[in-house]
Amino acid sequence: MGYYTKEDILKTIEDEDVKFIRLQFADFFGVLRNIAVTGGQIEKALNGRCSIDGFHIRGARALGYRQIYLKPDLDTFAILPWRPQHGKVARFLCDLTDREGNLLPESPRTILRQQLKRAEDKGLFIELNPECEFFLFDTDENGLPTNQTNEQAKYLDMAPLDSGENARRDIIFALEDLGFEVESSHHEDAPAQHAISFKKATGIRMADRILTLRNTVRTIAVRHGFYATFMPKPRADLSGSAMALNASCQMIAKDWFTDPSDPNGLSEDGKHFIAGLLAHMRGACAIANPIVNSYKRSIFRFSDPRGIFWSPSDYRASVTVSRNEDDRTVIEWELPDGATNPYLNIAYLLAAGLEGIEKKLPLPQADSQGEPLPETLNDALKAFSEDDFFRQLYGDNYASVYISEKKAEWESYAKEVTDWEIREYLGRI
């Protein structure tokens with residue numbers, strides 16, 4: 001992903017023999033979807049005149065959107081490396097608009113843009129570095145996903161113990177072809193579990209990359225006979241998968257979070273930023289941990305103590321503080337998992353942190369227990385709905401639809417036996 005003009009793209013499409021263009025977009029719940037058009041329709045696509053029937057998209061009917069237009073973000077143009085080299089396939093990530101080209105205010109990508117603008121107006125640029133974890137499970141004789149593996153590899157093991165090593169290598173190659181700068185990859189704690197970290201980026205670009213990574217991992221995994229899932233807790237006997245967010249910040253030429261004289265390296269603004277994150281953490285779980293299965297992971301990972309607190313050393317904390325290779329202070333939000341909508345997640349990180357700074361919220365003492373974390377999606381939705389902060393952040397319409405859709409999801413689970421989680425999430429998270 002780079003910086004492209006319309007002319008650059010038209011020339012590349014012609015030079016590279018691109019025959020199909022996928023117009024990809026994050027729906028209202030962060031699921032990547034797309035339509036494909038031929039090269040002959042590229043002018044129409046670039047002008048944002050390709051549309052979809054919104055009533056088939058979750059949440060769109062309740063929001064009142066029958067027809068939704070796709071506006072390509074030119075900087076996300078990329079040729080998909082796993083598609084045929086004759087008659088190539090390219091993609092754009094798109095914003096959602098109305099017929100007149102106005103951004104839909106309830107689109108998660110639009111919501112994040114608003115918070116980025118708010119930060120940039122203050123001269124603040126937050127760099128993010130996620131840690132993306134996933135499983136490479138076996139498929140059954142029909143090629144359908146399972147949550148089974150014969151592998152016994154553990155943290156940082158190599159082949160032959162790590163049976164997914166070749167698949168992970170090809171995933172890295174594909175990501176690099178798509179413009180990623182991958183910093184590291186390795187086998188994680190559980191059998192068949194893997195992790196990839198890539199170079200930090202700001203707001204929209206990082207959320208786009210997370211969606212692109214998920215799609216790439218799933219696509220390459222199938223070619224190796226695996227099924228990749230970012231489901232937070234696909235098996236009770238294995239560790240869950242996280243998507244923690246590491247945040248550092250620049251204010252023009254100033255490192256915003258760092259004060260070398262502080263015992264934890266935190267500036268006053270850094271302390272206020274963490275205080276803001278902690279202030280709305282119970283409701284934020286409805287975004288960071290957005291599915292029923294998320295709480296199978298969080299209860300296991302954040303076992304005693306399970307309160308909302310920050311720490312310079314305790315991995316069980318909701319927020320931790322560390323230093324990176326440049327000796328800059330990094331604030332890490334530990335709660336998000338592999339099912340989270342990255343646009344909404346990053347928007348919360350920005351909005352809550354900025355509120356902490358603007359209100360000069362006091363930072364509790366490190367490792368001191370605060371409120372308990374929600375134990376179920378229903379608990380998190382209750383906290384979300386009772387905190388006006390989220391209606392201000394996401395908009396009243398979107399917050400209402402989000403609560404309604406997620407409550408319906410919880411009620412569906414409540415009527416089912418526990419294998420409901422596998423049926424609902426394994427194949428698409």
Side-chain angles (χ1 to χ4, degrees), residues 1-4 9 12 16 18 20-36 45 70-83 88-96 107-110 112-113 116 127-134 136 167-185 194-223 226-231 241-246 336-347 428-429:
M1 293 183 281
Y3 298 96
Y4 300 105
I9 290 167
T12 300
E16 296 290 333
V18 173
F20 288 92
I21 297 96
R22 292 190 173 186
L23 303 179
Q24 299 180 339
F25 63 96
D27 72 9
F28 295 101
F29 289 83
V31 177
L32 187 66
R33 302 180 183 276
N34 81 182
I35 62 172
L70 305 178
K71 180 183 178 182
D73 182 336
L74 301 189
D75 291 339
T76 66
F77 176 76
I79 295 175
L80 300 180
W82 54 81
R83 301 299 297 170
K88 295 179 181 178
V89 179
R91 74 89 197 254
F92 292 98
L93 285 165
C94 300
D95 285 302
L96 305 182
S107 165
R109 211 165 186 261
T110 304
L112 177 53
R113 284 188 188 281
L116 289 168
E127 298 174 322
L128 300 166
N129 178 225
E131 299 175 6
C132 301
E133 298 173 354
F134 56 91
L136 295 178
R168 196 172 68 241
R169 180 196 62 196
D170 286 351
I171 289 167
I172 300 305
F173 288 155
L175 290 172
E176 289 180 337
D177 286 342
L178 288 167
F180 281 64
E181 292 186 54
V182 177
E183 292 191 332
S184 67
S185 67
H194 303 263
I196 294 176
S197 296
F198 42 94
K199 188 176 180 180
K200 59 195 174 199
T202 54
I204 292 288
R205 291 291 161 256
M206 183 51 72
D208 290 345
R209 287 176 183 179
I210 290 169
L211 283 193
T212 300
L213 175 132
R214 290 174 180 171
N215 183 47
T216 303
V217 168
R218 293 189 185 108
T219 300
I220 302 302
V222 170
R223 296 189 168 200
F226 295 116
Y227 192 88
T229 181
F230 292 81
M231 185 176 175
S241 291
M243 198 207 73
L245 282 176
N246 300 299
D337 62 40
T340 194
N341 181 331
Y343 300 96
L344 299 184
N345 214 31
I346 296 170
R428 61 186 181 89
I429 299 297

Query raised in the report: Any ion pair linking Glu16 and Lys88 (charged N to carboxylate O, less than 4.0 Å)?
Result: yes
Report summary line: Rounded to the nearest 0.5 Å, the OG atom of Ser241 sits from the CG atom of Asp337 at a distance of 8.5 Å
**Report entry** Heavy-atom side-chain proximity of Phe198 to Glu181 below 4.5 angstrom
**Finding:** no
Report summary line: Value for OH (Tyr343) from CG (Leu112), rounded to nearest 0.5 Å, stands at 8.0 Å
Report task. Output yes when a side-chain donor or acceptor of Asn246 lies under 3.5 Å from a complementary backbone atom of Pro130, and no otherwise. Result -> no
Query raised in the report: Could you walk me through whether Leu96 and Phe28 pass the side chain to side chain contact (heavy atoms under 4.5 Å, CB included) check?
Result: CA-CA 10 Å; Leu96 305 182; Phe28 295 101; 4.2 Å; yes
Query raised in the report: Any side-chain heavy atom of Thr202 within less than 4.5 Å of one from Leu128?
Result: no
Query raised in the report: Is it true that a side-chain atom of Thr229 and a backbone atom of Ile429 form a donor plus acceptor pair closer than 3.5 Å?
Result: yes
Query raised in the report: For atom NZ of Lys200, is the number of surrounding heavy atoms from other residues, nucleotides or ligands below 6.0 Å larger than 12?
Result: yes
Query raised in the report: Would you say Lys71 and Cys94 make side-chain contact, with heavy atoms under 4.5 Å?
Result: no
Query raised in the report: Considering only heavy atoms from C-beta outward, does the side chain of Pro81 approach that of Leu178 to under 4.5 Å?
Result: yes
Report task. Go through the steps to decide whether Leu175 and Leu213 satisfy the test side chain to side chain contact (heavy atoms under 4.5 Å, CB included), and finish with yes or no. Result -> CA-CA 7 Å; Leu175 290 172; Leu213 175 132; 3.9 Å; yes
Query raised in the report: Does any non-hydrogen side-chain atom of Asp73 lie less than 4.5 Å from one of Phe92?
Result: no
Query raised in the report: If you round to the nearest 0.5 Å, how far is CZ of Phe25 from CG of Leu70?
Result: 6.0 Å
Query raised in the report: Is any side-chain heavy atom of Ile196 less than 4.5 Å from a side-chain heavy atom of Val182?
Result: yes
Query raised in the report: Got a salt bridge between Arg109 and Asp95, using NZ or NE/NH1/NH2 to carboxylate O under 4.0 Å?
Result: yes
**Report entry** Verdict with reasoning, Ile210 to Met243, per side chain to side chain contact (heavy atoms under 4.5 Å, CB included)
**Finding:** CA-CA 9 Å; Ile210 290 169; Met243 198 207 73; 3.7 Å; yes
Requested in this report: Report yes or no: do Arg91 and Thr212 form a side-chain donor-acceptor pair below 3.5 Å?
Outcome: yes
Query raised in the report: Should the pair Phe134 and His194 be assigned to parallel (<30°), tilted (30 to 60°) or perpendicular (>60°) ring geometry?
Result: parallel
Report summary line: Note: Asp27 and Phe29 closest approach over all heavy atoms is OD1-N, 2.8 Å
Query raised in the report: Ignoring hydrogens and geometry, is there a side-chain-to-backbone donor-acceptor pair from Thr76 to Leu93 under 3.5 Å?
Result: yes
Report task. State, yes or no, whether a side-chain contact exists between Ile204 and Leu116 at a heavy-atom distance under 4.5 Å. Result -> yes
Query raised in the report: side chain to side chain contact (heavy atoms under 4.5 Å, CB included) between Ile220 and Asp170: does it pass, once the steps are laid out?
Result: CA-CA 7 Å; Ile220 302 302; Asp170 286 351; 3.8 Å; yes
Report task. Return yes if some donor-acceptor pair links the side-chain N/O of Thr340 with the main-chain N/O of Pro342 below 3.5 Å, else return no. Result -> no
Query raised in the report: How many angstroms lie between CD1 in Ile79 and CG in Asp177, if you round to the nearest 0.5 Å?
Result: 10.5 Å
Query - Flag side-chain contact, heavy atom, 4.5 Å: Leu245 against Ile346 - result: yes
Requested in this report: Please answer whether the main-chain N or O of Leu80 pairs with a side-chain N or O of Arg22 as donor and acceptor at a distance below 3.5 Å.
Outcome: no
Report task. Output yes when a side-chain donor or acceptor of Glu133 lies under 3.5 Å from a complementary backbone atom of Ala242, and no otherwise. Result -> yes
Query raised in the report: Can any side-chain N or O of Arg214 pair as donor or acceptor with the backbone N or O of Leu32 at less than 3.5 Å?
Result: no
